[in-house]
Each structure stands twice: as structure tokens, then as C-alpha cells.
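Whatever order the structure lists them in is the order used to number ligands and atoms, beginning at 1. The analysis underlying the following values was restricted to heavy atoms, covering all of them including side chains, and did not include hydrogens, waters or symmetry mates. Residue numbers run from 1 in the order of the sequence given.
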Amino acid sequence: MIKVRGLAKAFNGQQVLDGIDLDVAPGEIVAVMGPSGTGKTVLLLTLIGLMAPDAGSVDIDGVAVTRMAEPGLLKFRRNVGYLFQDGALYDFLTVAENVAFPLREHGKLTPAQVKARVAELLKLVDMAGAGEKYPSELSGGMRKRAALARAMAPGAKVLLCDEPTSGLDPVRSRDISLLIRGLSKQMGCTTVITTHDVRNAFRAADRAVVLHEGRVAGQGAEDALRASAHPFIKEFLE
Ligand SMILES: Nc1ncnc2c1ncn2[C@@H]1O[C@H](COP(=O)(O)OP(=O)(O)O)[C@@H](O)[C@H]1O
Ligand SMILES: [Mg+2]
């Protein structure tokens with residue numbers, strides 16, 4: 001479903017990604033882990049063509065993202081749910097209007113259908129009563145859940161979540177991690193989560209990939225990774 005080969009990206013002579021290979025099977029949830037500044041966001045942005053790599057390729061569901069021009073990319077991105085690190089809700093729209101936004105952009109639903117879909121999504125993220133609130137009135141956890149509802153709104157088969165637990169307390173972090181897992185499995189999404197939060201990575205994902213020095217240092221389910229002899233992985237998982 002997602003196939004990344006030899007992905008490389010440098011900024012001002014600093015090699016951030018240095019030959020990343022990554023495969024995500026249909027319906028699988030993979031956590032990409034690594035400390036801050038290892039290039040997790042750069043990787044995620046490259047997956048949807050918001051950033052161009054220096055070398056390598058990204059293939060998603062048969063779409064050659066890294067070789068595609070803007071008109072094709074815009075169409076492709078409509079089928080990908082992207083949860084930005086800061087939530088990135090529109091402050092001037094209510095929660096319900098935020099979730100409705102990508103549905104209206106699609107233009108295929110009637111206003112009544114949009115309203116019904118928004119209600120359904122808000123219920124899924126346990127925000128049924130909060131549709132009329134503005135983002136400034138919400139807690140950090142609620143903002144994340146609203147942003148997740150918006151990311152999932154078009155019924156995307158690919159879901160990318162950038163640091164879904166950042167800025168949240170441990171309880172909210174656990175909740176959003178389990179919510180992402182539940183919704184992703186329920187909707188049959190192929191999902192990539194980036195995080196430096198080891199505990200919640202394994203709550204959400206089937207498998208984790210650890211980045212180190214621009215490459216994949218190791219990957220696998222929690223038990224396999226914890227058994228790794230790689231010094232960086234051992235240190236990172238502690
Ligand atoms: N647009 C950019 N211009 C210059 N440097 C960037 C840009 N985006 C990211 N970087 C650099 O790339 C590195 C990795 O960034 P990032 O992917 O945001 O890390 P992470 O998400 O793992 O914390 C950092 O050193 C960051 O400063
Ligand atoms: Mg980041």
C-alpha cells in the first residue's frame with residue numbers, strides 16, 4: 001500500500017533522511033519513532049508530496065507520489081487523511097464547520113449529507129456535544145480529536161498522524177492513541193503515525209520503525225524491538 005525506497009533529504013548540508021525504505025501493508029498501522037529532529041515530519045510531508053525528496057521514491061496505492069505534478073497531487077491528497085502536529089484547525093470556524101470543510105471541498109455531498117456525516121464523525125471521536133464550539137474553547141485533547149475527525153472526514157484509506165500525543169497529558173495521550181487505532185481499524189485505513197512517545201506508539205500501532213541518523217535502525221512489533229541489540233534502539237526504548 002505504502003512503499004518508500006531510498007528516500008533522502010538534506011537541508012543546508014545536513015542530511016536528514018539518508019536512504020529510508022519503508023513498507024506499510026494495507027490496513028496496517030505503523031509508528032515511525034525517533035527523537036525530535038530526526039526527520040519524522042519531513043518523512044510524513046514527503047509521503048503526501050508536500051515536500052520533495054532529493055532522491056528516492058514514494059508509492060501509495062499505485063500512485064507514484066514523488067513523480068507526480070501538482071494537479072495530480074491535489075487530487076491524491078484528497079484521499080489521504082493528515083493529522084498535523086498542532087491540530088491545525090481553523091480558528092474562525094466551529095468544530096462542526098472544521099470537520100465539514102473537507103467534505104464540502106469534495107463537493108459530492110448534499111448539505112444534509114454533510115451534516116449527517118459531521119454528526120457521525122463527531123460521535124466517533126466522542127465530541128458529539130461540541131460541534132458548535134470554536135477551537136479556542138477546547139482543551140488540547142479535544143482539539144486533537146476534532147482534528148482527527150476532520151482528517152478522517154473524506155473517508156480516506158490512508159491516514160497520516162504527526163505526533164498525535166504531543167502536548168497532551170498521559171491520560172489524553174493514551175485516549176487519542178487508542179482512538180486512532182480503533183478508528184483506523186474500523187475504517188480499514190493504512191496508517192502511519194510519527195511519535196517520540198514509545199509507550200503510546202505501541203498502543204496505537206501494529207509495528208514500529210525506529211529512525212536513527214536518517215535511516216531505519218530497526219523495526220518490528222514491540223517484543224521484537226525490545227529484544228534488539230542495536231545500542232540506539234535499546235537506549236531509545238528505555
Ligand atoms: N523546511 C525546512 N527547512 C530547513 N530545515 C528543515 C525544514 N524542515 C525540517 N528541517 C530540519 O530537518 C530536521 C528534521 O526535522 P523534522 O522532520 O521536523 O524532525 P521531527 O519531526 O523528527 O522532530 C530538523 O533539523 C529540521 O530543522
Ligand atoms: Mg515533527
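Sparse packing is recorded around NZ of Lys75, with 12 or fewer heavy atoms of other residues, nucleotides or ligands lying under 6.0 Å away.
Here the side chain of Arg215 pairs no donor or acceptor atom with the backbone of Gly19 at under 3.5 angstrom.
Using a 4.0 Å cut-off between charged side-chain N and carboxylate O, Glu120 and Arg117 make a salt bridge.
Residues meeting the side-chain contact (heavy atoms from CB on, under 4.5 Å) test with Arg199, sequence neighbours left out: Asp197, Arg203.
If you take CD1 on Ile48 and CZ on Phe76, they are separated by 7.5 Å, rounding to the nearest 0.5 Å.
Val24 places none of its side-chain heavy atoms less than 4.5 Å from the side chain of Val158.
Within the protein, the number of N/O/S atoms found under 2.8 Å from the Mg ion (ligand 2) is 1.
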Notebook entry, point to check: Asp23 and Arg207: salt bridge (charged side-chain N to carboxylate O under 4.0 Å, His left out), yes or no, with the steps?
Noted result: CA-CA 11 Å; Asp23 288 279; Arg207 177 164 70 89; over 6 Å; no

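Here the options are Asn200, Asp206, Thr191, the test is side chain to side chain donor-acceptor pair (under 3.5 Å), and the partner is Arg181; only Asp206 passes.
Protein residues with any heavy atom under 4.0 Å from ligand 1: Phe11, Gln14, Val16, Pro35, Ser36, Gly37, Thr38, Gly39, Lys40, Thr41, Val42.
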Distance-only check: which donor-acceptor pairs under 3.5 Å involve side-chain atoms of residues 49-70, not counting sequence neighbours?
{"from": "Asp54", "atom 1": "OD2", "to": "Ala10", "atom 2": "N", "distance (Å)": "2.7"}
{"from": "Thr66", "atom 1": "OG1", "to": "Val58", "atom 2": "N", "distance (Å)": "2.9"}
{"from": "Glu70", "atom 1": "OE2", "to": "Arg77", "atom 2": "NH1", "distance (Å)": "3.3"}

